[in-house]
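Take a look at the structure set out below.
Quick note on labels: first sequence line is chain A, next is B, and so on, each numbered from 1.
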Amino acid sequence: MKVKIGFEIHLQLATERKMYCDCPTNYQDVHPNTNVCPICTGMPGSKPLSPNERVVDAAIEIAFMLGCEVITDQTVYIQRKHYDYPDLPSGYQRTSLPIALGGELQGVRIREVHLEEDPGQYDPVAGTVDYNRSGVPLVEVVTEPDIRSPEEARSFLRTLTRVLEYTGKVRPEAGGAMRADVNISLEGGGRVEVKNINSVRGAYRALKFEILRQREKLKRGEVVVRETRAYLESQMITVSMRGKELEEDYRYIPDPDIFPLILDKARVETVKKQMVEAPHLREQRLVKQYRISPAAAGVIVSERELADLFEAVAKEVDPKLAATWFQTKLKKVLNYMKLRAADIKFTPNQLARLLQMVGRKRVTPEQGELVLRELVKEPAEPEELLRKLGLAPLERAELEAAVAKTLKENPKAVEDYLKGRKEALNFLAGKVMKLTRGRADPRRISKLLRAKLRGKGKRRKISRRKARSRVSRA
Amino acid sequence: MGRETLEKLDAIRRGELSAVENVQRALERIKKQDKRIKAFIELNPNALAEAEAIDRMLKRGERVGKLAGLAIGVKSNLNVTGLRATCASRTLEDYVSTYDAEVVKRVRAEGGIVVGMNNMDEFACGSSGETSAFSPTDNPAAPGHIPGGSSSGGGASIAAGLCDLCLGTDTGGSIRNPASHCGVVGVKPTYGLVPRQGLIDLGMSLDQIGPIAPDVQGAALLLETIAGKTPNECVMLDVERVSYMSRLEGDGAKGMRIGISPKFAELTDPAVMGIIDGAVEKLRELGAEVVEVELPNLERGLPAYYLIVSVEFFSATRKFDGRKYGKRIEEVCGEEVLRRILRGRYISRKEYRGKYYQRALQVRTLIRQELMRALERVDVIVGPTVPKLPHKIGEKISVSAMYAYDYLTVPANLAGICGGVIKAGDVSGIPVGLQIQGKVLGELDVLKVMRALEAAA
């Protein structure tokens, strides 16, 4: 059975001020009802200010990120969407007509992008409303029903979140800021809208449940009716909210208190010029420009700050080496420490110098990783960190002495090796490592050991021949 | 004639009359007469203290504002910190404002003293003053008759001399209508000239705040004080400040082109029209050139207006859901308010989109174009304000008869142009006001014509 899934996704825009007043938007950090004014609490007589310009610019940037065409030089009305709920101080929500149309992301067509405002937060148990969130700007992204499975949906939402977070214009999902409504229909059934989805995981689960429910109904010859359902996070199921005949009528009217938006071409072009590169485009560029693998590039662009850091470092060192380090070691260290690239405190220069040392084999990759961990924890010059970790590079003489000592103290292993038991080399190398307290490159140790052992074998053969000749002469 | 306001201001500045005395007298008059008139809902307990502050400034020789010491009445749909903005409705009877409307801030900054909150038609829905949830207001100029509405308290206050100036609001005639019935001066400014921040909505795309005054100079002074844009509001014209006072007199009406329309006589009671014709004749005598203009669709404005205002009012009242202010509007309001809410709810339904509201907006465009075209040929259009004389308080009239009071005033709101009203005469003792409609931002022309008539009276 063919499945069709489409999304309406709301994300909070990360502006400092609300959409129609000057109140701050950090609603999670402050006491209830402190980031409020007559406008965002809808006091009688209050009128909205002009829409926050930064909000509009952010939405334009997001629309471009999603490959949309921004509607320029036309009036875009901001409408009142009326409904009755305690969190809505004026009894309507302001929502713009589309500011952009017709994009595409990961094979999913984007129908439109428009602006909305967040309502307050209602606590039905306590019966209280906190208006700190009221008027925080939202961008709504509407897709076509191009998604075919919950897995595809999950992957799409992840990509979308990544792309939008990349702009730095939306609040990261960590704050629970993503809210989505999903439309889902199976071949032969009506379209069902599921509301109240608050995370990527929630979307996946709701879809899993809905497909199961609708498929079973259709199998039994029942009808899947067109309706609106709510997802219950705690039980991972959806329940019916209202049927088609009870569809809410929002009685949209253009808000008479706000001039319609007109996005003039010059402004839109300015935003386009100043905006950050979309991650999928950047990925392609990095592959081409630095001749690195698509896999590495994919990891590097996963966070904007990571990609910025890479490009800064790649100026100083071999980009391929840098790419490998970003893909494997840096990402690993960050994941282990549960950090985001945005949290990195060290300078690109410090990382570049570390990689230069690795490139010139002054330190081993293993040591380098130890230094990198320190660098993430407590940034300092890599040389200093090497000293601190007791990893100052070994002098050749010191290494040779350690090798000589090891060979002398382990005649049995030497014997074994010379008899052809190659694993004895690992044993010897381990001993050298121990003697040098891990400061020497294992590859260098093995190389030196093999050379010395080869020498011993030769000498032995020669001495045997000599012995033989002595016997024959006798 | 017509120097009352300026003479009082001079007396206060010269110390012949203290601000305290002025406010005290206003409060005494209100105390004595308002039991009968019902022009005020609530008085400002700090009014005298505010007047004392003005007197102290004057005594110290400090500069005072241009309204220093005047007693101002404020319509009850405007927010004044600490006073109740009831909109003369049970819905908001306990709502105490937490902030000053922008116009109130400006009045106070110029030394005006808010003496109290004026009575009005409930949520400004009415043309008679009778829909107030508290009490109808009497017409001091024609006792026993309605004062007009919805700024009924403002019109009555000025007519009875209860205070010096009033702030009214006009959505479809709510300043001009009571000004006409009470025989006082009222101005509805160009839409977007005066900030609405703090005005409790009736129809957002139509509402304007304006002055009600005993004389033209008083109206001009108050309008100067409140006009001009603020960054705290979106839908405003790009006008910094206006000044009329120095340019009011000049040549009077001489050389001005004044438009009249045969449409007015069609819609108006002959007795009222007789007074209006007399005023037009006087303007001609004063040197104005009278020109006939075409307003063929004028009467179509009224039904369009009631559709638009109902949809916007329905939207505006959604916040009165009983959660924040204790009472859900539909449960406590009077029948005219309910009628408009239900009408707005009905015609804004999805299935009627395009049928009513959209059509009404098309008519609005038509009216606007018609008035703009006429105003290209003339400086102002003069005519009657209200087609009929006011009825007696309590007299039952039909809804359509009540709405018919607004035929001649709603076009200016639909078009967004300005309009002023000044007394032209009376019919058996009941005042009749002449309406002067001006261009967008044509307030000065309107005021000049009014001042010329006033000076010649």
Side-chain angles (χ1 to χ4, degrees), chain A residues 19-23 33 36-53 56 77-94 119-120 122 124 127-129 131 134 244-261, chain B residues 77-80 85-87 89 91-92 95 97-102 104 123 191-192 195-201 203-207 230-236 308 311-312 314-325 328-329 344-353 357-358 361:
Chain A
M19 180 116 185
Y20 299 107
C21 64
D22 281 335
C23 290
N33 293 313
V36 293
C37 71
I39 296 171
C40 57
T41 51
M43 292 304 279
S46 65
K47 308 279 177 291
L49 307 187
S50 298
N52 186 339
E53 297 280 323
V56 179
Y77 283 100
I78 292 170
Q79 297 194 297
R80 292 181 174 189
K81 174 183 180 178
H82 301 90
Y83 65 91
D84 184 32
Y85 202 67
D87 63 7
L88 209 53
S90 296
Y92 54 82
Q93 185 184 27
R94 295 185 193 92
Y122 173 52
T128 55
V129 181
Y131 289 115
S134 175
K244 186 193 166 205
E245 65 283 358
L246 292 174
E247 226 167 78
E248 225 172 328
D249 184 351
Y250 296 120
R251 295 179 159 81
Y252 287 101
I253 61 162
D255 193 324
D257 285 333
I258 306 169
F259 283 130
L261 296 170
Chain B
N77 56 356
L78 290 163
N79 280 277
V80 180
T86 58
C87 290
S89 176
T91 313
L92 290 175
Y95 166 64
S97 299
T98 58
Y99 69 106
D100 276 343
E102 180 67 25
V104 171
F123 280 103
Y191 184 80
R196 291 177 295 124
Q197 190 69 267
L199 160 64
I200 301 174
D201 306 315
M204 293 72 76
S205 72
L206 303 155
D207 296 337
T230 158
N232 293 324
E233 196 167 322
C234 182
V235 180
M236 288 216 73
I308 293 168
V311 169
E312 295 188 5
F314 166 75
S315 175
T317 51
R318 294 312 83 207
K319 64 177 63 171
F320 306 122
D321 55 12
R323 294 189 180 99
K324 271 165 83 187
Y325 314 105
R328 189 167 161 262
I329 188 166
R345 188 201 303 278
Y346 185 76
I347 64 177
S348 61
R349 278 159 67 167
K350 201 157 60 182
E351 60 262 45
Y352 297 144
R353 259 198 148 180
Y357 186 52
Q358 236 69 311
L361 292 176

>> Any salt bridge linking Asp84(A) with Lys319(B)? Criterion: basic side-chain nitrogen under 4.0 Å from a carboxylate oxygen.
In response: no
> For Pro195(B), is it the side chain, the backbone, both or neither that has a heavy atom under 4.5 Å from a heavy atom of chain A?
Replying inline: neither
>> Checking Arg328(B) now: which residues fulfil salt bridge (Lys or Arg N to Asp or Glu O under 4.0 Å) with it, not counting sequence neighbours?
In response: Glu330(B), Glu331(B)
> Looking at Gly198(B), Ala85(B), Ser205(B), which has the largest count of heavy-atom pairs under 4.5 Å with chain A?
Replying inline: Gly198(B)
>> Working to the nearest 0.5 angstrom, can you tell me the gap between Asp257(A) CG and Glu233(B) CD?
In response: 7.5 Å
>> Quick check on Lys350(B) against chain A: is it the side chain, the backbone, both or neither that has a heavy atom closer than 4.5 Å?
In response: both
>> Return the OG to CZ distance between Ser315(B) and Arg251(A), rounded to the nearest 0.5 Å.
In response: 11.0 Å
>> As an exercise, state the distance from CE of Met204(B) to CG of Asp255(A), rounded to the nearest 0.5 Å.
In response: 6.5 Å
> Excluding sequence neighbours, so at least two apart, what forms side-chain hydrogen bond (donor to acceptor under 3.5 Å, both in side chains) with Tyr20(A)?
Replying inline: none
>> Tell me whether Tyr252(A) at atom OH has more than 12 heavy atoms from other residues, nucleotides or ligands lying less than 6.0 Å away.
In response: yes
> Of all of Pro256(A), Pro38(A), Pro48(A), Cys21(A), which one pairs up most often with chain B through heavy atoms under 4.5 Å apart?
Replying inline: Pro256(A)
> Checking heavy atoms, do the side chain of Asp321(B), its backbone, both or neither come under 4.5 Å from chain A?
Replying inline: side chain
> Heavy-atom distance under 4.5 Å to chain A: side chain of Arg196(B), backbone, both or neither?
Replying inline: both
> Do you know the tightest heavy-atom contact between Ile258(A) and Val235(B)?
Replying inline: N-CG2, 3.4 Å
> So what's closer than 4.5 Å to chain B heavy atoms on Pro89(A): side chain, backbone, both or neither?
Replying inline: both
> Looking only at heavy atoms, which two atoms of Leu49(A) and Cys234(B) are closest? And how far apart?
Replying inline: C-CB, 3.9 Å
>> For the residue pair Lys47(A) and Tyr99(B), would you count it as a cation-pi contact if the rule is NZ or CZ under 6.0 angstrom from the ring centre and within 45 degrees of the ring axis?
In response: no
> Which one, Tyr325(B), Tyr352(B), Phe320(B), leads in non-hydrogen pairs under 4.5 Å with chain A?
Replying inline: Tyr325(B)
> CZ of Arg323(B) to OH of Tyr122(A): how many Å apart, nearest 0.5 Å?
Replying inline: 7.5 Å
>> Can you tell me how far apart CD (Gln197(B)) and OG (Ser46(A)) are? Round to the nearest 0.5 Å.
In response: 6.5 Å
